[in-house]
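Residues: numbered from 1 along the sequence shown. Hydrogens, waters and symmetry mates play no part in the numbers below; they use all other heavy atoms, side chains included. Remember, predicted model here, so these are calculated numbers, not experimental data.
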Amino acid sequence: MPDICVIGGTRYFGKVLVQKLLDDGHRVTLVNRGQTPDPFGDTVRRLRADVNVPGELTAAVAGERFDAVVHQMCYTPNAAVEACEAFGDRVGKIVMTSTIEVYNKDTFRWRFPAPPFGARAREEELDPADYDFDTDLPWSAPGYLDTHYGEGKRQAEAALTRCAKAPVLLARVAHVLAAEGDFTGRLLFHVDRIRAGRPIVAHAGPGRTSLVQAEEAAGFLAWAAFSDATGAVNVASPDTADVYDVCAAVESATGLAADVIEKEDPSGDLDLSPFSCPFDFGMASERAADLGYRFTPIEQWLPAVARNAVADRPGSHPSEEQ
């Protein structure tokens with residue numbers, strides 16, 4: 001029976017990942033701080049460590065061997081370097097959950113031709129083997145990581161790629177949507193405002209971006225852990241969406257109309273949609289398909305996710321009650 005370690009795994013699609021691994025017959029060990037309850041009871045093994053505290057992960061997994069590790073909490077090169085040292089050659093593969101934000105043109109200087117605006121970023125446009133990382137930057141300083149999220153992930157990818165003694169896959173995950181457990185509140189932002197008749201602000205001519213359903217993001221990570229695939233892989237539905245698509249799904253679920261207001265400079269506006277982009281910001285998903293994992297188009301799953309989110313949200317509008 002394959003033995004897999006999940007670092008994190010207690011919220012959002014991390015919980016979906018763990019449940020899928022269990023359903024597939026894997027032994028699962030969770031490594032986390034133990035501060036967030038999980039629903040898995042005695043079906044998983046638990047080790048305690050804060051991966052942001054030097055030495056804790058190394059101590060927690062000393063002497064352990066795993067067929068694969070899925071690192072859901074790797075936000076800095078420091079965390080990546082320690083993971084490499086902690087597991088050494090006692091792991092068959094390391095899968096890091098990365099992000100679409102590594103492609104954000106606003107957060108770093110491209111050392112190669114940047115993709116044109118409107119083009120979907122491809123994995124080869126950001127090669128972590130050619131990217132520098134610096135463990136001496138103040139990653140643990142209050143607020144530093146929050147304002148350097150994309151850079152932290154880029155440097156984590158670079159450190160893991162260069163330091164790991166096992167094969168590595170970097171899962172660059174698009175914006176994840178789910179009806180339940182979404183601690184980001186991005187979808188419910190639209191549900192609540194449409195129900196309340198409040199405006200939703202968008203950039204002028206808002207761009208389109210990449211989304212992925214939580215179940216498919218988790219399914220990809222589970223698949224990646226035991227596949228032969230390595231390197232960076234974009235985890236995204238093959239199509240893109242904008243703020244109007246998200247609003248349309250909620251409108252259909254509620255029977256209410258969204259009031260979308262476009263602004264030239266909406267920065268700082270509390271009603272700015274978290275799915276409004278100043279320009280197209282998406283990822284190509286052909287590499288995942290070529291490797292054997294195909295994602296469902298957004299238009300086929302977003303309406304159902306919106307319906308479930310509306311049904312589960314307290315305070316339904318009278319027109320929604322049947």
Pairing residues for H175 by the ring-ring contact (aromatic ring centres under 6.0 Å, His included) criterion, not counting sequence neighbours: none
H190 versus S273, side-chain donor and acceptor atoms under 3.5 Å: yes
ring-ring contact (aromatic ring centres under 6.0 Å, His included) against H203, all qualifying residues, sequence neighbours excluded: none
Other cluster members, L272 - Ile/Leu/Val/Met/Phe/Trp/Tyr, side-chain contacts below 4.5 Å: V201
Lys/Arg N to Asp/Glu carboxylate O, E286 vs R122, below 4.0 Å: yes
Q155 vs Y131 side-chain heavy atoms within contact, under 4.5 Å: yes
E82 and T58 side chains, donor-acceptor separation under 3.5 Å: yes
pair V51-Y75: side-chain heavy atoms closer than 4.5 Å: no
Charged N-O contact under 4.0 Å between D245 and R208: yes
Y103 side chain to N234 side chain, donor-acceptor N/O pair below 3.5 angstrom: yes
Evaluation steps, side-chain hydrogen bond (donor to acceptor under 3.5 Å, both in side chains), between D239 and S237: CA-CA 6 Å; D239 49 349; S237 288; 4.5 Å; no
Hydrophobic cluster partners of F133 (side-chain heavy atoms under 4.5 Å): V81
Side-chain donor-acceptor pair present, E64, T29, cut-off under 3.5 Å: no
Flag if over 12 foreign heavy atoms under 6.0 Å of CZ, R48: yes
Parallel, tilted or perpendicular: ring planes of F295 versus F220, cut at 30 and 60 degrees: tilted
Greater than 12 external heavy atoms within 6.0 Å of D23's CG: yes
Derivation of the salt bridge (Lys or Arg N to Asp or Glu O under 4.0 Å) call for E101 and R172: CA-CA 8 Å; E101 291 298 329; R172 293 173 177 168; over 6 Å; no
ring-ring contact (aromatic ring centres under 6.0 Å, His included) against F281, all qualifying residues, sequence neighbours excluded: none
N-O pairing of D38 and R46 below 4.0 Å: yes
CA sep, side-chain torsions, deciding dist, call: D67, R27, salt bridge (Lys or Arg N to Asp or Glu O under 4.0 Å): CA-CA 10 Å; D67 295 290; R27 285 191 297 262; 5.6 Å; no
Min side-chain heavy-atom separation T240-M283 under 4.5 Å: no
side-chain contact (heavy atoms from CB on, under 4.5 Å) partners of P199, counting only residues at least two apart: D259, I261, D271
Ion pair R154/E151, N-O distance below 4.0 Å: yes
Note, V70 side chain near I7 side chain (heavy atom, < 4.5 Å): no
